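Here the structure comes first, spelled out in structure tokens, and everything after it is commentary.
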Amino acid sequence: PGGAAAAALPEEDCMKLNPSFVGIALSSLLAIDLWASKRLGVCAGEGSAWGSARPLMKVIEVSGHGIPWLLGTCYGLCQSDSSAAREVLLNLLFALLLDLVMVAVVKGLVKRPRPTHNKMDMFVTISVDKYSFPSGHATRAALVCRFILRHLVLAVPLRVLVVLWALIVSISRVMLGRHNMTDVLFGLVLGYALYSVVEHCWLSPLNAPALFALW
């Protein structure tokens, strides 16, 4: 009778009773991700272990936000009198817009909630910002970092500072409790890959004359 009852179970119930190795591994990784992210959220609130550093972390948060970067790039485009500089700035604007669209699409598809210990006091949010995966700050940091290192002539100390900035912005997302570790890691990978798309689709007066005519 017992064997007959087991045989009558729907296929999906059998799968739940006998989870695959991949399912167990993914569940374990998710549990580790949530546990580690909560432990590292040392600035998630004023009463957290490093709560006194929260204001500094929020300044770092703003430095990686999309709006200051978009406004700064547009201002640079309006003020620049060099065709070479305008070309670089126009492609940076394209990169920033591409980043916003891709992050919004992935967040809307995955719909992973923010960590439970996150305090929703973020600087200028939009509808999809209630979701956690991926970290838009980490994506933008990786994208901007690659862009700057490729297209600006900087001394070695400044290049190191740019890389450190990208890392600190990414780490701050977990410390503030905004994201889980996997959100940030995927964001860094996505941002790194998006720069390759920008480079492949590089806008120039030859392939996008109408855009350059506007400036």
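Counting begins at 1 with the first residue of the sequence. Because the structure is predicted, anything quoted here is derived from the model rather than measured. Just the heavy atoms: all of them, side chains too, but no hydrogens, waters or symmetry mates, feed the values below.
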Is it the case that one hydrophobic cluster holds both [X] and [Y], taking links as side-chain heavy atoms less than 4.5 Å apart, direct or via other members?
{"X": "Leu194", "Y": "Val110", "value": "yes"}
{"X": "Val197", "Y": "Leu96", "value": "yes"}
{"X": "Leu164", "Y": "Val156", "value": "yes"}

If we only count heavy atoms from C-beta on, is the [X] to [Y] side-chain gap below 4.5 Å?
{"X": "Val101", "Y": "Leu97", "value": "no"}
{"X": "Met175", "Y": "Glu61", "value": "no"}
{"X": "Ser196", "Y": "Arg146", "value": "yes"}
{"X": "Met57", "Y": "Trp50", "value": "no"}

Table please: side-chain donor-acceptor pairs of residues 87-95 below 3.5 Å, with sequence neighbours left out.
| from | atom 1 | to | atom 2 | distance (Å) |
| --- | --- | --- | --- | --- |
| Glu87 | OE2 | Trp202 | NE1 | 2.7 |
| Asn91 | OD1 | Leu203 | N | 2.7 |
| Asn91 | ND2 | Glu87 | O | 2.7 |
| Asn91 | ND2 | Leu203 | O | 2.8 |

About how many Å separate [atom2] of [Y] and [atom1] of [X], when rounded to the nearest 0.5 Å?
{"X": "Arg114", "Y": "Asp129", "atom1": "CZ", "atom2": "CG", "value": "5.5 Å"}
{"X": "Lys130", "Y": "Lys107", "atom1": "NZ", "atom2": "NZ", "value": "12.0 Å"}
{"X": "His151", "Y": "Tyr195", "atom1": "NE2", "atom2": "OH", "value": "3.0 Å"}
{"X": "Leu109", "Y": "Lys111", "atom1": "CG", "atom2": "NZ", "value": "8.5 Å"}
{"X": "Phe133", "Y": "Leu185", "atom1": "CZ", "atom2": "CG", "value": "9.5 Å"}
{"X": "Leu56", "Y": "Arg54", "atom1": "CG", "atom2": "CZ", "value": "12.0 Å"}

Which atom pair, heavy atoms only, marks the closest approach of [X] to [Y]?
{"X": "Gly177", "Y": "Pro115", "result": "O-CG, 3.5 Å"}
{"X": "Pro134", "Y": "Leu190", "result": "CG-CD2, 4.2 Å"}
{"X": "Ala53", "Y": "Cys43", "result": "CB-SG, 4.1 Å"}
{"X": "Ile60", "Y": "Ser172", "result": "CG2-OG, 3.9 Å"}

Original post:
Which of these, Leu161, Ile168, Val169, Leu167, sits in a side-chain contact (heavy atoms from CB on, under 4.5 Å) with Trp165?
Top reply: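 Testing each of Leu161, Ile168, Val169, Leu167 against Trp165, the sole residue satisfying side-chain contact (heavy atoms from CB on, under 4.5 Å) is Val169.
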**OP:** Go through the structure and list residues passing salt bridge (charged side-chain N to carboxylate O under 4.0 Å, His left out) with Lys58, not counting sequence neighbours.
**Re:**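 Asp121.
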Subject >> All salt bridge (charged side-chain N to carboxylate O under 4.0 Å, His left out) counterparts of Lys119, not counting sequence neighbours >> reply: Glu46
Qualifying residues under side chain to side chain donor-acceptor pair (under 3.5 Å), relative to [X], sequence neighbours excluded:
{"X": "His117", "result": "none"}
{"X": "Asn118", "result": "Arg178"}
{"X": "Ser27", "result": "none"}
{"X": "Arg112", "result": "Asp33, Thr182, Asp183"}

side-chain contact (heavy atoms from CB on, under 4.5 Å) against [X], all qualifying residues, sequence neighbours excluded:
{"X": "Ala36", "result": "Met181"}
{"X": "Ser170", "result": "Ala138, Ala141, Val184, Leu188"}
{"X": "Leu152", "result": "Ile148, Leu154"}
{"X": "Val59", "result": "none"}

Enumerate donor-acceptor pairs with a distance under 3.5 Å from any side-chain N or O in residues 66-76 to protein atoms, sequence neighbours excluded.
| from | atom 1 | to | atom 2 | distance (Å) |
| --- | --- | --- | --- | --- |
| Trp69 | NE1 | Ser63 | O | 2.9 |
| Thr73 | OG1 | Trp69 | O | 2.7 |

Original post:
Between the main-chain N or O of Gly64 and the side-chain N or O of Arg140, is there a donor-acceptor pair closer than 3.5 Å?
Top reply: yes
Original post:
Taking it one step at a time, do Asn180 and Leu30 satisfy side chain to side chain contact (heavy atoms under 4.5 Å, CB included)?
Top reply: CA-CA 10 Å; Asn180 297 303; Leu30 177 61; over 6 Å; no
